[in-house]
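Down below is the structure, laid out as structure tokens.
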Amino acid sequence: MPVELNHTIVNATDKTASARFLTEILGLPEPVPYGPFMTVPLAHDLTLDYYETPAPITSQHYAFKVTEEDFDAVLARVVDRGLTYWADPYHREAGRINTNDGGRGFYFEDPDGHNLEVLTRSYGAAV
């Protein structure tokens with residue numbers, strides 16, 4: 001039985017600002033409102049559904065696999081915004097990218113402190 005992730009909810013202090021932040025950094029179309037959410041459509045009919053809450057935000061991790069060409073564009077947008085980025089998920093190697101599994105990757109934070117990752121190869125992928 002095939003199982004496919006369809007959507008997940010991302011808590012935010014400002015759902016529109018957070019959804020737009022992600023779409024601008026990743027070079028995606030504008031987020032789309034749906035009920036109480038601002039949705040960010042991704043590949044395979046997956047959406048990130050941003051939900052505005054007054055409760056404290058618990059940082060989550062979201063990883064986005066992109067092409068080598070798109071990686072350069074995403075990193076350039078992060079740098080252009082003056083955002084700090086790291087080669088590692090623990091944020092110890094600032095201003096660097098990693099070359100895990102023969103690809104490239106880095107981490108950065110969204111406005112609510114969610115740990116976002118951009119990578120070009122899945123973990124464990126053959127080199």
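As the structure is a computational prediction, the values presented were derived from the model and not from experiment.
Counted within 6.0 Å of CG on D45, heavy atoms from surrounding residues, nucleotides or ligands total 12 or fewer; the atom is thus considered open. Summarising the local packing, CZ of R81 is surrounded by more than 12 heavy atoms from other residues, nucleotides or ligands at distances under 6.0 Å. Dense packing is recorded around OH of Y123, with more than 12 heavy atoms of other residues, nucleotides or ligands lying under 6.0 Å away.
Side-chain atoms of D88 come within 3.5 Å of backbone N or O of Y90 as a donor-acceptor pair. Without hydrogens or angle criteria, T99 side chain to G102 main chain gives no donor-acceptor distance under 3.5 Å. Here the side chain of D49 pairs no donor or acceptor atom with the backbone of T8 at under 3.5 angstrom. Between the side chain of H61 and the main chain of N115, a donor-acceptor pair closer than 3.5 Å is present. Between the H114 side chain and the N11 main chain, a donor and an acceptor come within less than 3.5 Å of each other. A donor-acceptor pair under 3.5 Å links the side-chain atoms of R77 to the main chain of E24, judged by distance alone.
The minimum heavy-atom distance linking P36 with K15 is given by the pair O-NZ, 2.9 Å. Scanning both residues, P41 and T47, for their nearest heavy atoms gives CA-CG2, 3.9 Å.
No donor-acceptor contact under 3.5 angstrom links the side chains of D110 and S18, judged on distance only.
Applying the side chain to side chain contact (heavy atoms under 4.5 Å, CB included) test between Y107 and each of T84, I97, N98 identifies N98 as the sole match.
You'll find the side chain of N6 stays beyond 4.5 Å of the side chain of L46, heavy atoms only. At a threshold of 4.5 Å between non-hydrogen side-chain atoms, the residues T39 and Y50 do not count as touching. Within the 4.5 Å cutoff, the side chain of I25 has heavy atoms near those of the L83 side chain. Annotation: side chain of T53 is not in contact with side chain of T13 (no heavy-atom distance under 4.5 Å). In this structure, the side chains of D14 and E52 come closer than 4.5 Å at one or more pairs of heavy atoms.
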Next on the checklist: If you apply the rule side-chain contact (heavy atoms from CB on, under 4.5 Å), what do you find for T67 with T120, and how did you get there?
Outcome noted: CA-CA 6 Å; T67 66; T120 61; over 6 Å; no

Next on the checklist: Pair H91, E109 - check side-chain contact (heavy atoms from CB on, under 4.5 Å), show working.
Outcome noted: CA-CA 10 Å; H91 299 178; E109 291 184 348; 3.3 Å; yes

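Atom CZ of residue R96 and atom CH2 of residue W86 lie 14.5 Å apart, to the nearest 0.5 angstrom.
A salt bridge links D72 to R104: one of the charged nitrogens lies within less than 4.0 Å of a carboxylate oxygen.
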